[in-house]
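Here's the structure we're looking at; comments come further down.
Predicted model only: the values in this text are computed from it and were never measured. Proteins get letters first, then strands, A, B, ... in listed order; numbering begins at 1 in each.
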Amino acid sequence: MPYIPGLLSFREVPAALAALEALTIQPELLMVDGHGIAHPRRLGVATHLGLISGYPTIGVAKKRLTGRHEEVGEAPESHTLLLDGDERIGTVLRSRGRVKPIFISPGHRVGHDTALAWVVRMLTGYKLPEPTRQADKLASNR
DNA sequence: GCGACAG
DNA sequence: ATCTTGTCGC
């Protein structure tokens, strides 16, 4: 399955489910590299994986897929709403100074505010939250 | 017809 | 994602 904007989950979910099967512990929450409901049909990879696995999920993306937002403040942890018309579909967060903001959105069984709180809580001084950093590190063999 | 477009 | 360019920390 090739990468097609809007259909990322069909490419990534199979591998994610296999990885979950291999775990020896049961996660309480999954932080996914991609959007949750901040998707044209509110079904980003985080939401899709949550629905199929049953786990609560949060979407953390490095780029916007859909929606509009005001410029985010320069200060670390500044944030603004990601909107599709008058509907809130996520939060745009300045995870640290001098970097482009990241996009947080509920995946499954998590609300906007708790999703944002979890991500902020997982920040360790870098642009991406620690779970995502660790995953990227493993995926790049480091 | 033109621009946008997660990883 | 991958590639290229610029800045930063060790």
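Here the closest non-hydrogen pair linking A:V32 and A:A46 is CB-CB, 3.7 Å. Between A:V99 and A:R94, the closest heavy-atom pair is O-NH1, 2.9 Å.
Taking atom CE of A:M1 as the reference point, atom C1' of C:dA1 lies 15 Å away to the nearest angstrom. Following rounding to the nearest Å, A:I4 (CD1) and B:dA4 (P) show an atom-to-atom distance of 20 Å. Spacing between atom CZ of A:R11 and atom P of B:dA6 amounts to 13 Å, rounded to whole angstrom units. A:L65 has its CG atom 9 Å from the C1' atom of B:dA4, to the nearest Å. For the pair A:D33 CG and C:dA1 P, the computed distance is 6 Å after rounding to whole Å. The separation between A:H69 atom NE2 and B:dA6 atom P is 13 Å, rounded to whole Å. Remark: P of B:dA6 and CG of A:L49 are 19 Å apart, rounded to the nearest angstrom. Counting to the nearest Å, the P atom of B:dA6 and the CG atom of A:L7 are 12 Å from each other.
Of the possible polar contacts, one joining the A:R11 side chain to the A:M1 backbone as a donor-acceptor pair under 3.5 Å is found. A donor-acceptor pair under 3.5 Å is absent between the side-chain atoms of A:H112 and the main chain of A:P106, judged by distance alone.
By the criterion of side-chain heavy atoms lying less than 4.5 angstrom apart, applied directly or through intervening Ile, Leu, Val, Met, Phe, Trp or Tyr residues, A:I89 is not grouped with A:L83; the two fall into different hydrophobic clusters. Tracing side-chain contacts under 4.5 Å through hydrophobic residues (I, L, V, M, F, W, Y), one reaches A:V60 starting from A:L93; they form part of the same cluster.
Counting non-hydrogen atoms of neighbouring residues, nucleotides and ligands closer than 6.0 angstrom, the CZ atom of A:R121 reaches no more than 12 such neighbours.
Between A:R64 and B:dA6, a side-chain N or O to OP1/OP2 separation shorter than 4.0 Å is absent. Considering only side-chain N and O atoms, A:K62 lies under 4.0 angstrom from the phosphate OP1 or OP2 of B:dG7.
Taking a pair as Watson-Crick or G-U wobble with both distances under 3.5 Å, DNA chain C forms no stem of 3 or more consecutive pairs. Secondary-structure annotation of DNA chain B gives no stems, with a stem taken as at least 3 successive Watson-Crick or G-U pairs whose two distances both fall under 3.5 Å.
When heavy atoms are screened at a 4.0 angstrom cut-off, A:G6 is found touching base atoms of the nucleic acid. A:L43 comes within contact range of no nucleotide atom at all, as no heavy-atom separation falls under 4.0 Å.
Qualifying side-chain hydrogen bond (donor to acceptor under 3.5 Å, both in side chains) partners for A:D113, counting only residues two or more places apart in sequence or in other chains: A:R88.
Contact of the A:V13 side chain with the A:L8 side chain is not registered, since no non-hydrogen atoms from C-beta on lie closer than 4.5 Å.
Side-chain proximity of A:R98 to B:dC5, C:dC8, B:dG7: nearest is C:dC8.
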